[in-house]
Amino acid sequence: MAVGESQLESGTDTVADEDDVEARVGWRYTVARIKQDTTARWGLYIVAAVLSIAVYAVVDSNLSLLTFGLLSDFTFARLLPIFDHPTYIPPPGEGTQHMPPYFPLAEQSWNPLPAGGTLEHPLGTDHTGRDYFTRIVYGTQVSVFVGLVSTFIGLAGGTVIGAVAGYYGGRVDDVLMRLVETVYAIPPLILIIVFTVFIGGANIWYAVIGVGVAFIPVFARIIRSRVLSVREMDYIEAARAAGVRDRNIIMRHVVPNSFAPVLVYATLQIGVTILIVAGLSFLGYGAQPPTPDWGQMLNISHGYMHSNVWLSIWPGLAIMITIMGFNLFGDGLQDALDPRIDD
Amino acid sequence: MKLLKYTIYRLLQAIPVLIGISVITFLLANLGPGDPVSLMLQGQEHSEELVRSIEQRYGLDRPLHERYLTYMAGLLEGDLGQSIHYQRPVADLILDRIGPTLLLVLSAYAFALATAIPLGIVAANRRNEPTDHASRIAALVGVSTPSFWIGIVLILIFAVKLGWLPSSGLIYPWRPPSSYPGISGHLELYYESIRHLLLPMIALGTLQMATIMRVERTQMIESLQGEYVKLARAYGVPERTILRKHAFQVAQLPIITIVGLNLSTALGGAVLVETVFNINGMGQLFVEAIQQNDYQLVMGVTMLLGVLFVVGVIITDISYAYVDPRVTYGERE
């Protein structure tokens with residue numbers, strides 16, 4: 001999103017020339033402001049709720065797999081979200097209450113498409129009779145996981161490229177920035193689909209990497225613009241005079257001092273990432289069935305629009321609320337970290 | 001004349017980026033495991049000889065860098081290669097499909113600008129009043145909602161439930177009315193084409209509207225605090241005139257940049273919206289190309305979307321320089 005970027009870039013040049021501005025930075029002040037800020041607080045509530053649901057879904061889906069004998073042991077490796085998994089199809093006649101209709105990975109069931117509103121199926125069931133509420137809940141893990149991991153990839157890659165480009169300047173800067181501009185020029189969704197399909201085949205892991213790579217440019221640009229002003233600071237000069245190696249200057253001094261605006265941007269970027277991945281899954285290049293995923297559920301429910309309208313509503317609402325949480329929190333964080341804003 | 005120099009400078013600056021785009025798309029499309037030859041034969045009985053002759057025909061037997069140079073040489077002549085799936089030149093396919101996408105994207109922008117700018121101004125003028133809060137919530141919802149889902153919801157409400165508007169396809173106003181059955185005369189053609197365009201336009205435009213509105217609001221707030229506004233107030237210029245003339249003009253500059261940079265989201269979003277509304281544009285062409293493993297076509301479409309973005313950004317940069325007298329041309333940072 002270019003909005004935040006331009007605001008950040010214009011904000012960095014005029015920092016700290018008034019006395020009282022100095023007192024308004026630092027973590028304690030930031031936390032205090034987040035507590036005051038209604039927007040940030042609500043964002044935090046939503047993010048916390050979504051994260052808890054995601055963690056619950058990860059643990060619960062692993063436990064169910066264990067119960068059905070599809071997992072031999074409960075290891076830490078399995079605490080990752082379930083992406084590609086064997087499907088449990090119970091023998092006919094064994095469909096008890098707590099078995100497959102609720103089990104989000106089950107491939108088939110017995111009473112497809114009843115509407116929701118019952119205690120048994122609050123949001124109804126999908127075209128194969130799986131409980132929709134369970135699938136919405138379990139879908140949280142994919143969105144949150146993909147959002148966090150690919151934002152992290154973009155942040156890490158962008159930080160390295162942006163810091164190196166900004167610190168060294170000159171030809172290094174030119175080459176790196178042209179590269180960044182190139183990646184930036186291809187619409188992310190297009191780039192990610194081409195990357196996913198031609199490199200790996202439709203698979204959520206390639207999607208995660210692809211989304212991360214596609215968002216390296218935005219982070220690189222912000223970091224670079226910050227580094228350009230930080231590198232002129234006296235303490236950098238001092239470190240250089242003391243003979244500290246470039247790599248250490250970048251990692252210990254330049255990056256930490258350029259990081260705050262990027263962190264805010266990363267929070268907002270999580271929302272954008274989830275938005276993109278939802279689109280990717282909707283087209284069929286994200287999480288593959290039977291993995292429950294919101295975008296993919298919208299893709300499937302698109303074909304059942306006339307038989308059950310609500311199937312197309314719930315996953316979209318879930319996406320919207322999740323992204324809204326991250327956006328609210330990011331907006332609040334931005335206000336809290338920007339010492340110039342005063343209301 | 002300075003402006004002309006700046007334009008040329010920006011165009012030259014775009015060349016490495018365009019070359020970069022071609023390298024990236026070429027590498028992605030050619031290093032993948034998908035094998036175009038076996039796709040073409042699609043399970044038919046085939047001899048080694050046939051495979052080799054096809055490879056030769058499409059130049060697939062030559063080393064990668066040679067193929068890239070051939071591809072680039074073709075590009076310079078406007079030849080984007082041959083689509084394997086459609087057995088037609090890629091350039092022809094793109095020309096067939098680019099109209100609907102441009103229509104969709106441009107109308108989405110028109111919708112976004114026409115709604116976002118007045119809303120942003122009202123919000124800024126009534127800062128922290130209920131109107132402001134409502135518009136900020138609307139903007140938040142707008143940036144948080146996937147465009148394709150907005151499309152789905154719009155279809156559910158206006159097409160499935162109410163039956164007011166059609167849910168798929170577009171009617172192109174540049175075609176003769178006789179090419180559509182049941183449409184007689186140009187007036188009806190325009191009417192139908194607007195009816196078909198309305199829902200996809202809103203679906204694609206909402207995100208743009210929300211981002212533009214946010215920027216418009218902050219810019220207007222900042223602009224209203226400017227020295228020139230204080231001066232105008234001191235002179236007793238009516239508030240309405242200040243809002244319309246003094247504050248408004250300055251606040252519009254960043255919007256131009258946003259419109260250019262957001263083109264990338266809009267083009268990506270077009271792929272999704274075209275899928276939801278069954279519109280035969282570039283987005284659909286891209287999806288088909290990916291599904292058919294048609295790497296020539298994928299390269300062509302990706303290249304073109306990249307070029308569209310670069311050109312869009314250059315146009316906005318130049319118009320920015322044209323509108324804002326403070327911009328110095330051609331100097332870096």
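Lettering follows sequence order; numbering is per chain, from 1.
Looking only at side-chain heavy atoms (C-beta outward), A:Ile186 and B:Thr25 come within less than 4.5 Å of each other. Using a 4.5 Å cut-off on side-chain heavy atoms (C-beta onward), B:Ile290 and A:Leu283 make no contact.
Of the two parts of A:Ile323, the backbone and the side chain both hold a non-hydrogen atom closer than 4.5 Å to a non-hydrogen atom of chain B. When heavy atoms are compared at a cutoff of 4.5 Å, A:Ile276 does not approach chain B at all. For chain B, the nearby parts of A:Ile313 are the backbone and the side chain; heavy atoms of each come within less than 4.5 Å. Neither the backbone nor the side chain of B:Val307 comes within contact range of chain A; no heavy atom of the residue lies under 4.5 Å from a heavy atom of that chain. There is no contact between B:Leu308 and chain A, counting heavy-atom distances below 4.5 Å.
Within the model, atoms CG of B:Leu305 and CD1 of A:Ile190 stand 5.0 Å from one another, a figure rounded to the nearest 0.5 Å. Interatomic distance, CD1 of B:Ile24 versus CG of A:Leu191, reported as 7.0 Å (0.5 Å rounding). A:Glu181 CD to B:Ile21 CD1: the interatomic distance, rounded to the nearest 0.5 Å, is 10.0 Å.
Considering only heavy-atom pairs separated by less than 4.5 Å from chain A, the leading option among B:Val298, B:Ile155, B:Thr265, B:Val301 is B:Val298. Contact count against chain B (heavy-atom pairs under 4.5 Å) is highest for A:Val194 among A:Val194, A:Leu179, A:Leu328. Chain B forms the most heavy-atom pairs under 4.5 Å with one residue out of A:Val183, A:Leu317, A:Ile274, and that residue is A:Leu317. Interface check for chain B: of the options A:Leu275, A:Thr322, A:Ile319, the most heavy-atom pairs under 4.5 Å are formed by A:Leu275. Ranked by non-hydrogen atom pairs under 4.5 Å with chain B, the options A:Ile321, A:Ile192, A:Val309 are led by A:Val309. Put simply, of B:Val310, B:Val23, B:Thr302, the one with the most heavy-atom pairs under 4.5 Å next to chain A is B:Thr302.
Closest approach of B:Ile152 to A:Phe282, counting heavy atoms only: CD1-CE1, 4.0 Å. Closest non-hydrogen pair, A:Pro187 versus B:Gly306, comes out as CD-N, 4.5 Å. Scanning both residues, B:Leu272 and A:Gly279, for their nearest heavy atoms gives CD2-O, 3.4 Å. B:Val276 approaches A:His302 most closely through the heavy-atom pair O-NE2, 3.8 Å.
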Please assess B:Leu261 against A:Tyr184 for the test side chain to side chain contact (heavy atoms under 4.5 Å, CB included), listing each intermediate value before the final yes or no.
CA-CA 10 Å; B:Leu261 289 176; A:Tyr184 189 79; 4.0 Å; yes

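A salt bridge does not link B:Arg136 to A:Asp331: none of the charged nitrogens lies less than 4.0 Å from a carboxylate oxygen.
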Donor-acceptor pairs under 3.5 Å, side chain of residues 141-150 of chain B to any protein atom, not counting sequence neighbours: which ones?
{"from": "B:Ser144", "atom 1": "OG", "to": "A:Asn327", "atom 2": "ND2", "distance (Å)": "3.1"}
{"from": "B:Ser144", "atom 1": "OG", "to": "B:Leu140", "atom 2": "O", "distance (Å)": "2.7"}
{"from": "B:Thr145", "atom 1": "OG1", "to": "B:Val141", "atom 2": "O", "distance (Å)": "2.5"}
{"from": "B:Trp149", "atom 1": "NE1", "to": "A:Ser312", "atom 2": "O", "distance (Å)": "2.7"}

